[in-house]
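Report on the following structure.
Order of the sequence lines fixes the chain letters, A, B, ..., with proteins taken first and strands second; residue numbering starts at 1 for each chain.
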Amino acid sequence: MSVITYMSSTDSLTCVLSLILVLKLGTNPTSVDSVVVGTGNEVRIKPGQRLHIVNQLYPYTIQFKEDPTGKNSGTKRPRESASDDRESPREAQKMKAAKLTEKVPVLVNHGEAQKHTERGGLWSQGLKISMQDPKMQLYKDDKVVVIKDKYPKARHHWLVLPWQSIPSLKALCEEHCDLVKHMQQVADQMVQQCPDSSSLSFRTGYHAIPSMSHVHLHVISQDFDSPCLKNKKHWNSFTTDYFIESNDVIQMLETNGRVTVKEGATELLKLPLCCHMCHKELSTIPALKEHLKSHFPR
DNA sequence: GTTCTAGAAC
DNA sequence: GTTCTAGAAC
């Protein structure tokens with residue numbers, strides 16, 4: 001039995017994080033005894049065992065070799081500032097986990113996972129993984145699946161995703177018209193079944209330039225009452241034209257056969273904070289959140 | 001997408 | 001002094 005720890009090279013980190021993602025979701029957890037996600041990135045795994053990462057797209061072979069220095073169990077992240085040479089409680093916990101390590105595994109990348117770190121990062125592929133996890137699925141049919149947004153920006157915030165791999169709005173064409181209409185129907189269904197649908201209003205739409213890969217339709221209640229709503233980008237992405245109504249996407253597909261996103265959408269994210277209910281301008285996020293309480297008392 | 005943190009704003 | 005934002009790293 002051995003323990004994988006985070007090593008110094010970026011590739012190793014990617015591999016370990018990839019493993020954790022999959023193992024955490026239980027996609028292929030053969031012979032895995034324990035997983036500690038976060039501070040003590042610990043994965044027990046048999047030497048030579050092959051794991052398939054992201055639904056068997058990215059196979060790795062796990063090799064093990066002795067660490068002659070014993071120093072290679074360091075767990076500090078590369079971007080850590082030079083001035084911070086004391087151990088935080090978090091670092092101490094990681095070091096404690098590392099001390100349990102007898103051998104240091106080397107992950108040999110046979111697949112594509114490392115490319116994600118070069119193009120947007122592995123995190124941008126997270127939806128592809130979440131949507132496959134039965135525990136996350138609130139609804140599914142032969143065309144789409146619905147999951148809860150991992151960091152909901154309101155009391156109710158779901159994502160409708162097609163099974164078909166469509167990276168973004170840009171990739172949509174007239175052939176997707178029926179699919180996108182179906183996504184809207186399922187979104188409406190989700191709102192109908194919500195116990196708060198009589199007291200809260202909802203909007204359904206797409207972000208002009210989403211961070212996460214794989215087309216996803218946001219279904220979000222308009223209270224924006226959530227600790228995950230933290231900054232101007234969050235706010236403006238749902239309350240300016242950065243948020244493109246599902247019906248507008250359908251109409252664009254029907255009339256032009258494609259979806260056009262206006263230039264300068266990114267600038268919309270920098271607009272002043274403006275209440276979507278009464279258009280009052282607020283100077284800070286905490287002030288905005290306090291103001292929202294007047295529109296949506298608990 | 002989130003987290004972290006330097007430094008701006010107060 | 002504290003609060004808050006914005007940009008970089010992931």
Side-chain angles (χ1 to χ4, degrees), chain A residues 5-21 24-25 37-41 53-54 74-91 93-94 107 109 113-133 136 147-154 157-161 167-169 205-220 224 226-238 242-243 265-274 281-292:
Chain A
T5 56
Y6 165 20
M7 295 183 295
S8 58
S9 87
T10 305
D11 284 353
S12 299
L13 173 59
T14 302
C15 295
V16 172
L17 292 180
S18 303
L19 287 167
I20 286 167
L21 262 177
K24 189 184 172 189
L25 297 172
V37 180
T39 52
N41 293 337
I53 298 183
V54 193
T75 56
K76 288 193 175 182
R77 294 166 80 173
R79 70 193 169 92
E80 198 154 2
S81 70
S83 60
D84 182 16
D85 47 32
R86 286 174 303 173
E87 268 185 31
S88 66
R90 225 170 140 180
E91 292 296 331
Q93 195 180 342
K94 277 198 244 178
L107 300 177
N109 186 1
Q114 131 183 33
K115 288 181 185 169
H116 296 311
T117 60
E118 294 155 10
R119 293 187 301 220
L122 183 70
W123 56 263
S124 70
Q125 307 299 313
L127 287 179
K128 296 182 203 295
I129 297 166
S130 297
M131 65 186 276
Q132 302 286 343
D133 181 359
M136 310 282 269
I147 60 174
K148 187 181 172 178
D149 193 291
K150 193 176 175 187
Y151 299 91
K153 303 302 185 291
H157 186 184
W158 307 297
L159 304 177
V160 184
L161 305 110
S168 70
L169 290 180
Y206 302 84
H207 280 157
I209 306 162
S211 300
M212 304 294 280
S213 186
H214 201 106
V215 152
H216 52 284
L217 175 60
H218 291 271
V219 186
I220 185 165
F224 295 108
S226 165
C228 298
L229 196 151
K230 292 177 176 174
N231 57 46
K232 185 176 267 190
K233 184 179 175 180
H234 291 156
W235 180 254
N236 284 333
S237 72
F238 288 100
Y242 194 88
F243 190 82
T266 313
E267 296 307 304
L268 297 172
L269 299 174
K270 297 171 188 167
L271 287 171
L273 298 170
C274 188
E281 193 174 312
L282 285 308
S283 56
T284 65
I285 286 287
L288 170 66
K289 294 193 138 205
E290 197 57 36
H291 172 78
L292 288 176

Send over the distance from [X] [atom1] to [N] [atom2], rounded to a whole Å.
X        : N     : atom1 : atom2 : value
A/Trp123 : C/dA8 : CH2   : P     : 14 Å
A/Tyr242 : B/dG1 : OH    : C1'   : 11 Å
A/Asn236 : C/dT5 : CG    : P     : 12 Å
A/Tyr151 : B/dT2 : OH    : P     : 7 Å
A/Leu127 : B/dG1 : CG    : C1'   : 8 Å
A/Lys232 : C/dT3 : NZ    : P     : 20 Å
A/Leu269 : C/dA6 : CG    : P     : 12 Å
A/Ile285 : C/dT3 : CD1   : C1'   : 13 Å

Practice task
Taking all non-hydrogen atoms of both residues into account, name the closest pair between A/Ser237 and A/Phe243 and its distance.
Solution key: O-CB, 3.4 Å

Is the distance from OP1 or OP2 of [N] to the nearest side-chain N or O of [X] less than 4.0 Å?
X        : N     : answer
A/Lys128 : B/dG1 : no
A/His234 : B/dT2 : yes
A/Lys230 : C/dC4 : no

Handout entry: Parallel, tilted or perpendicular, as decided by the 30° and 60° cut-offs, for the rings of A/Phe238 and A/His157
Key = perpendicular

Exercise for the section: Answer whether the closest heavy-atom distance between the side chains of A/Tyr206 and A/Leu217 falls below 4.5 Å. Expected result: yes

